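Shown next, in structure tokens, is the structure this report addresses.
Since this is a predicted model, take the numbers as computed values, not measurements. Letters go in sequence order (proteins before strands), and every chain restarts at 1.
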Amino acid sequence: MSRIIFFGTGDFAVPSLTALVKDGRFDVLAVVTQPDRPVGRHATITPPPVKVAATILGITDVRQPETLKDAGFQSWIKSVGRSCDAFVVVSYGKILPQWLLDLPKEGVVNVHGSLLPRWRGPSPIQAAIAAGDAKSGVTIMKIDAEMDHGPILSTVETQIAPDETGSSLHDRLAVLGTEALPKTLADFLDGRVSPVEQDHASATTCKILTRDDGKIDWTRPATDIERLIRAYNPWPGCWTLVGGKRLKIHKASVIAGDDAFKPGQCFVFEKQPAVACGEGTALVLDEIQIEGRASVSGAAFVKGFTGWEDRRVA
RNA sequence: CGCGGGAUAGAGCAGUUGGCAGCUCGCCAGGCCCAUAACCUGGAGGUCGCGGGUUCGAGUCCCGCUCCCGCAA
């Protein structure tokens, strides 16, 4: 059996870890994941999903170094790492330094949620939907010194559906990675697959997202805004300001607009709230949530929110 | 105990200095129309989140509790 150590933290990594453990060809010696963090409104200390999964899978050696520079962690990984065939990194959340990449015999393998070299960086799934890409997928690659830059071992493609959200694509890609990872890793370690250099000239990158990135610019065309709403659902979410309050927009539909309305102008379309966007387009708000209240349908929102018409959002 | 908003009819909301529980939509019955996600008439539907307290009287004021949510992390 090939000896590996798994580095991972988020939900995206859980199916991959599960697949490797259950495959039978790999001995997952240990799991390295982020420390338990405060989560939610009451800042409850919560273990990362990978730690929970590792426990369920019966992996007893789970390491959660605050920093990879931690002396105890370093001495452990340096002694065990050299006896490993490979490390596998999925949604770990830290950049691995070169000395660590050099430890295992065959290097470090990564699962990335895009068709590299398109969308290098920390938000590839959102980026693909927001850009209106026809397809996305998972790339399994060897990690090198630069971000998502290493040679490719295998790729799995999938079409992006017209109603695809960041959430749905995230979940689908996590499973796609699951199906490809054990075979690709085994083939690589057995020498049946060789890494292929990326086409660096056609690379695109995406950035780390914050809540502010979800603030809607109503001067953009409705098509772009609608994609952004799907891409950023559920994280970081799209929102706007109405009457000084934050209005989250979970789901919207593009309609033909009215040139008489300036971008940001609110109106009612077939009993649903709508907002004028750029280039004479408009957006019907299907599922929205005002600050402090639960999420409701647009039609329901308009019934209780007096004066939606004649307002402007910003 | 990080900051803040909320719980009122099936849905979404309003409710002023405490004084008969309201609005829009939906629902039921009837009417009108070539027609309607249109219009008209009538009707049903609430233990105002839960538990205490103040008061002649509490949706409203005070105390405690439960649940939902925005920000922050």
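For A:A294, the side-chain atoms get nearest to B:C68 when compared with the rest of B:C71, B:C68, B:G70.
Rounded to a whole angstrom, the distance from the P atom of B:C40 to that of B:C33 is 16 Å. For B:A21 and B:G59, the P atoms lie 8 Å apart once the distance is rounded to whole Å. Here the separation of B:G53 from B:A58, taken at their P atoms, is 12 Å to the nearest Å. Comparing B:C71 with B:G12, their C1' atoms are spaced 24 Å from each other, to the whole Å. Atom P of B:G45 sits at a distance of 42 Å from the matching atom of B:G4, rounded to the whole Å. The P atoms of B:C3 and B:A11 are separated by 32 Å, rounded to the nearest whole Å. A gap of 45 Å separates the P atoms of B:G70 and B:G30, to the nearest Å. With both ends at atom C1', the span from B:A14 to B:G46 equals 15 Å, rounded to whole Å.
Between A:F7 and A:F73, the ring planes are perpendicular. Angles over 60° get that label, and only those under 30° would be called parallel. The aromatic rings of A:F301 and A:F305 sit parallel, their planes meeting at an angle under 30°, below the 60° perpendicular limit.
Contact between the side-chain N/O atoms of A:R293 and the OP1/OP2 oxygens of B:C13 is found at a separation under 4.0 Å. Close to B:G26, at under 4.0 Å from its OP1 or OP2, lies no side-chain N or O of A:K303. Applying the 4.0 Å criterion to OP1 and OP2 of B:G4, one finds that A:R246 has every side-chain N and O outside that range.
Nucleotide B:A72 holds its C1' atom 13 Å from the NE2 atom of A:H42, rounded to whole Å. Remark: C1' of B:G5 and CG of A:L247 are 15 Å apart, rounded to the nearest angstrom. Rounded to an integer number of Å, the gap from A:D212 CG to B:C71 P is 11 Å. The interatomic distance linking A:Q289 (CD) with B:G5 (C1') rounds to 12 Å, in whole Å. Between the C1' atom of B:G2 and the CZ atom of A:R37 lies a distance of 18 Å, rounded to the nearest Å. Atom CH2 in A:W308 sits about 14 Å away from atom P in B:C13, given to the nearest Å. Whole-Å rounding puts the A:I288 CD1 to B:C69 P distance at 17 Å. B:G5 atom P lies 10 Å from atom NZ of A:K245, rounded to whole Å.
Backbone-only contact: A:K248 has heavy atoms under 4.0 Å from sugar-phosphate atoms and none from a base.
Between A:E291 and A:K248 there is no salt bridge, since no side-chain N of the basic residue sits under 4.0 Å from a carboxylate O of the acidic one. A salt bridge links A:R227 to A:D224: at least one charged side-chain nitrogen sits closer than 4.0 Å to a carboxylate oxygen. A:K251 has no carboxylate O lying under 4.0 Å from a charged side-chain N of A:D163, or vice versa, which leaves the two without a salt bridge.
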With side-chain hydrogen bond (donor to acceptor under 3.5 Å, both in side chains) as the criterion, how do A:Q289 and A:H250 come out once you've worked through the C-alpha distance, each side chain's angles and the decisive distance to 0.1 Å?
CA-CA 8 Å; A:Q289 180 176 21; A:H250 299 300; 2.9 Å; yes
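At a threshold of 4.5 Å between non-hydrogen side-chain atoms, the residues A:Q34 and A:K94 count as touching.
Pair check for B:C27 finds B:G43; Watson-Crick or G-U wobble, both atom distances under 3.5 Å. With a cut-off of 3.5 Å on both Watson-Crick or G-U wobble distances, the partner of B:C1 is given as none. Pairing for B:U66 is with B:A7, a Watson-Crick or G-U wobble pair whose two hydrogen-bonding atom distances lie under 3.5 Å.
Along RNA chain B, the nucleotide nearest to A:F305 and the one nearest to A:G40 differ in position, and the one closer to the 5' end is contacted by A:F305. Projected onto RNA chain B by closest heavy-atom contact, A:P38 and A:K271 fall at different nucleotides, the more 5' of which corresponds to A:K271.
Scanning atom types as modelled, one donor and one acceptor separated by under 3.5 angstrom connect the side chain of A:R41 and the base of B:G70.
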